[in-house]
Every structure is written in structure tokens, then in C-alpha cells.
Amino acid sequence: MAPHPQGERLRPAPPKGGRLLSLKGDRAFQRLRQGRAGRGRFVNVKWLPAAQLRVGIVVSKKVGKAVVRNRIKRRLREILRRLHLPKAHLLVIASPEAREATYAELFQDLTRALKKSGLIQ
């Protein structure tokens, strides 16, 4: 790495690919109805093979108020980021019981549901 003109060293760029791409549009969600399904205690998943990984997370008002729903979505996004999933369109639907789940329980349940659906081994 070349030194900066003032003598400081430049930091390397952060790794790319840290963000998940969102599943957009009603059509994409409707197509996933025919997808392969897996179910856990806290989440249901559906997926179809695709050119790139796109994720849709659904947390209804039955789960709780906005703060609770957003916390669950943040946790699910982070879990999906850490799993390094294959290319697919993926829909994750949280059940009302997810409000009581810890991060570790959500992680375990989501991986179990993804294994049942056949997306991961």
C-alpha cells in the first residue's frame, strides 16, 4: 500500500457485499407462493432459484408494535447476512411468537427452516 502524501497510510476499502438486496415489487412476492417452503417455530421461509440473492422479510402487525417488528427484521437480516446463502429469491415471514425469541433462538430456527426447505444443507 502506497503511503499517503502527508505520510499517513490509507485504510483498505471495507469489503463489498455486506448488504442484502431487497426483494421488490408485488410480483416478486406473488411468484414466491410457488416456491419451496420450510417452517420453523418462529419463521416460515419460501424460496426460488434466481440469478442473485434477494431477500424479503415480512413481519406483520400481529407480531407487535413498530419497535418490536423492526428489531425482529434487523435480527433476521443479520442472521441471513452471516449464513452466506446461495443465489435465490428468499421470503422470510416471522410469526407472532418471534417477539419472544432471542437472537440465538431466531438463528437456530431460521437455519432449521432453511434446511427443511432445501436451500442450505
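Values below: every heavy atom of this structure, side chains too, minus hydrogens, waters and symmetry copies.
R33 meets the side chain to side chain contact (heavy atoms under 4.5 Å, CB included) test with Q30; sequence neighbours excluded. Applying the side chain to side chain donor-acceptor pair (under 3.5 Å) rule to R82 yields the partners E78; only residues at least two apart in sequence or on another chain are considered. Not counting sequence neighbours, the partners of L85 by the side chain to side chain contact (heavy atoms under 4.5 Å, CB included) test are L53, L80, L83, L90, L114, L119, I120. Listed by chain and residue number, K62, V63 satisfy the side chain to side chain contact (heavy atoms under 4.5 Å, CB included) test with S60 (two or more places apart in sequence, or in another chain). Partners of R77 under the side chain to side chain contact (heavy atoms under 4.5 Å, CB included) rule, at least two apart in sequence or in another chain, are L20, I57, K73, R74, R81.
Note on residues 41-52: pairs passing side-chain hydrogen bond (donor to acceptor under 3.5 Å, both in side chains), not counting sequence neighbours, are W47-S117. Counting only residues at least two apart or on different chains, the salt bridge (Lys or Arg N to Asp or Glu O under 4.0 Å) pairs with a member in residues 106-119 are D109-R112. Sorted by first then second residue, the salt bridge (Lys or Arg N to Asp or Glu O under 4.0 Å) pairs that include residues 91-100, not counting sequence neighbours, number zero.
With contacts defined as side-chain heavy-atom distances shorter than 4.5 Å, the pair T102/L106 does not qualify. You'll find the side chain of I79 reaches within 4.5 Å of the side chain of Y103, heavy atoms only.
Between A113 and G40, the shortest heavy-atom contact is CB-N, 3.9 Å. Between A94 and V43 the shortest heavy-atom distance is CA-CG1, 4.2 Å.
If you chain together ILVMFWY residues whose side-chain heavy atoms come under 4.5 Å of each other, F29 ends up grouped with L23, L32, L48, V58, L91, I93. Alongside V67, the hydrophobic cluster contains no other residue (criterion: ILVMFWY side chains under 4.5 Å).
The environment of CD in Q108 is sparse: at most 12 heavy-atom neighbours from other residues, nucleotides or ligands sit within 6.0 Å.
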